[in-house]
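Being a predicted model, the structure only gives us computed values, none of them experimental.
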Amino acid sequence: ESYSLIKKMLFDEDDEVKTNAVIALYNIDGFSILNEIIDSDSYSQVCKDEAQNILNENLDIEAIWGYNNSMRLRRQHVFD
């Protein structure tokens, strides 16, 4: 239920609301929502940019820490 409510915020007029919705959905659903946002024409450039930023940050973490450690950090971030 909260997922669908947050997803509606991707279409809000306020860019900050959209950005926060992308972050919240990523924390709930992980990478699949980021790919959906980036690949779909339905979402604004603000949403696409935030989704890409999150992907880029995770690629940086994987490059520095390695895949296994980055997965541990992601799980820790979601559950903290």
Side-chain angles (χ1 to χ4, degrees):
E1 184 178 326
S2 62
Y3 184 85
S4 61
L5 292 173
I6 296 168
K7 199 165 182 180
K8 289 177 185 176
M9 296 294 101
L10 294 174
F11 301 99
D12 195 90
E13 292 180 12
D14 187 323
D15 288 347
E16 188 172 349
V17 171
K18 291 177 197 174
T19 298
N20 288 329
V22 172
I23 294 166
L25 291 170
Y26 165 69
N27 285 330
I28 294 169
D29 199 32
F31 289 110
S32 62
I33 188 63
L34 300 179
N35 292 325
E36 176 186 326
I37 291 169
I38 291 168
D39 292 340
S40 174
D41 292 333
S42 300
Y43 301 106
S44 70
Q45 192 60 46
V46 169
C47 294
K48 291 176 181 291
D49 289 346
E50 185 59 29
Q52 189 63 57
N53 287 339
I54 294 170
L55 284 174
N56 291 344
E57 287 173 10
N58 281 282
L59 290 174
D60 290 343
I61 290 170
E62 287 177 13
I64 294 167
W65 291 90
Y67 179 78
N68 289 334
N69 285 329
S70 68
M71 291 303 292
R72 180 182 54 77
L73 290 172
R74 275 191 217 114
R75 284 193 302 274
Q76 186 177 20
H77 172 71
V78 170
F79 295 112
D80 280 349

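Using modelled atom types and a 3.5 Å distance limit, the side chains of Tyr26 and Glu50 yield no donor-acceptor pair. Side-chain contact annotation: Asn53 with Glu57, donor-acceptor N/O pair under 3.5 Å absent.
Across all non-hydrogen atoms, the minimal contact from Val22 to Ala51 is CG1-N, 3.9 Å. Heavy atoms only, all atoms of each residue included: Leu10 and Ala21 are closest at CD2-CB, 3.8 Å.
Checking side-chain atoms of Lys48 against main-chain N and O of Ile38 turns up a donor-acceptor pair under 3.5 Å. A donor-acceptor pair under 3.5 Å links the side-chain atoms of Ser4 to the main chain of Glu1, judged by distance alone.
Using a 4.5 Å heavy-atom threshold, the side chains of Ile33 and Lys7 count as touching. Residues Asp29 and Ser32 are in side-chain contact: their nearest non-hydrogen atoms beyond the backbone lie under 4.5 Å apart. Side-chain contact between Asp12 and Met9 is present, with at least one heavy-atom pair separated by less than 4.5 Å.
Atoms CD and OG, on Glu13 and Ser44 in that order, are 12.0 Å from each other to the nearest 0.5 Å. Here Asn35 contributes atom CG and Ser40 contributes atom OG; the two are 12.0 Å apart, rounded to the nearest 0.5 Å. How far OH of Tyr43 is from NZ of Lys18: 12.5 Å, rounded to the nearest 0.5 Å. Note that the CG atom of Asn56 and the CG atom of Asp49 stand 10.5 Å from one another [nearest 0.5 Å]. For the atom pair Leu34 CG and Leu55 CG, the distance stands at 4.5 Å (nearest 0.5 Å).
Counting heavy atoms of neighbouring residues, nucleotides and ligands inside a 6.0 Å radius, atom CD of Gln45 exceeds 12 of them.
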### Message
Before you tell me yes or no, could you show the steps for Val17 and Phe11 under side-chain contact (heavy atoms from CB on, under 4.5 Å), namely the whole-Å CA-CA distance, both residues' side-chain angles and the distance that decides it to 0.1 Å?
### Response
CA-CA 9 Å; Val17 171; Phe11 301 99; over 6 Å; no
